Amino acid sequence: MLMHVINIGHDVFKANDKIAEKNRKKLDKHLVFSLNVMGAIGSGKTTLIEEAIRHLKDRYNIAVIAGDVIAEMDASRFRKFGIPTIPVNTGKECHLDAKLVEKALNDIDLATTDLLLIENVGNLICPVDFNLGEHLRVVIVSVTEGDDIILKHPMIFKTAELAVINKVDIAHAVDVDAEKMKNDILSLSPSVPVILTSKYDRESLESWIGFIEKELREMQRNKVD
Ligand code: MG
Ligand code: ZN
């Protein structure tokens with residue numbers, strides 16, 4: 001019985017990977033750099049995406065896929081910038097998958113897009129298993145989640161290509177050591193870049209935004225060459 005369940009899971013992931021690969025090819029063809037932004041509810045995914053849009057929208061054409069159980073709430077926060085925003089309601093599903101992104105990509109003019117920001121559904125577990133075709137996997141964790149949150153969710157921190165520890169301005173108030181959180185991440189994934197952010201700290205936001213811009217430029221340069 002257990003074997004049966006495992007086999008189903010394996011096929012689901014294989015089918016998902018195939019569609020993810022198609023998504024990736026489509027994005028590459030149009031030089032669209034894409035981020036899969038993962039993290040728990042309340043970690044600040046929407047806020048950090050808003051900051052990225054605010055600072056990059058004058059230089060790059062940005063589109064957003066807002067995945068959520070009820071996606072419309074976050075989508076309106078992105079639409080106010082006047083950028084294409086595709087809400088994806090996942091209903092009972094607690095993650096985006098490649099097929100949902102494939103569908104959403106049909107509603108985006110990729111030829112005129114430079115940067116695609118994908119906000120995944122808020123949890124630290126199953127989004128890990130579903131490749132979307134993105135170029136960069138980001139995990140955002142807030143100090144309010146407690147400093148044992150990272151070691152409780154090793155897989156997402158092992159597979160992320162950028163880790164952000166957010167709301168560090170209130171670390172002291174919630175009795176959490178952001179440096180310990182950073183060390184926990186590095187113990188799971190020694191070479192992953194870790195950025196500490198607070199929406200009230202301009203410089204920390206510039207690190208986050210600068211990282212995205214650097215990766216975007218690198219991807220576009222490599223594909224053009
Ligand atoms: Mg959100
Ligand atoms: Zn899920």
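Order of listing sets the numbers, starting from 1, for every ligand and every atom in it. Note that these values count all heavy atoms, side chains included, but never hydrogens, waters or copies made by symmetry. Residues: numbered from 1 along the sequence shown. Quick caveat: nothing in here was measured; it's all calculated off a predicted structure.
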Query raised in the report: When hydrophobic residues are tied together by side-chain contacts of less than 4.5 Å, even through go-betweens, does I150 share a cluster with L196?
Result: yes

Report task. Check whether more than 12 heavy atoms from other residues, nucleotides or ligands sit under 6.0 Å from atom NZ of K57, and answer yes or no. Result -> yes

Query - Neighbour count above 12 (heavy atom, 6.0 Å) for K14 NZ - result: no

Query raised in the report: So which N/O/S atom does H95 have closest to the Zn ion (ligand 2)?
Result: ND1

Query raised in the report: Parallel, tilted or perpendicular: which describes the rings of F130 and F13, with under 30° parallel and over 60° perpendicular?
Result: perpendicular

Query raised in the report: Taking both backbone and side chain into account, is any N, O or S atom of T47 nearer than 2.8 Å to the Mg ion (ligand 1)?
Result: no

Requested in this report: Looking only at N, O or S atoms, find the one in D74 nearest to the Mg ion (ligand 1) and name it.
Outcome: OD2

Query raised in the report: Can N131 and N16 be counted as having a side-chain donor-acceptor contact under 3.5 angstrom?
Result: no

Report summary line: The OE2(E119)-the Mg ion (ligand 1)-OG1(T46) angle, to 10°, is 90°

**Report entry** Apex the Zn ion (ligand 2); atoms C94 SG and C126 SG; angle rounded to 10 degrees
**Finding:** 90°

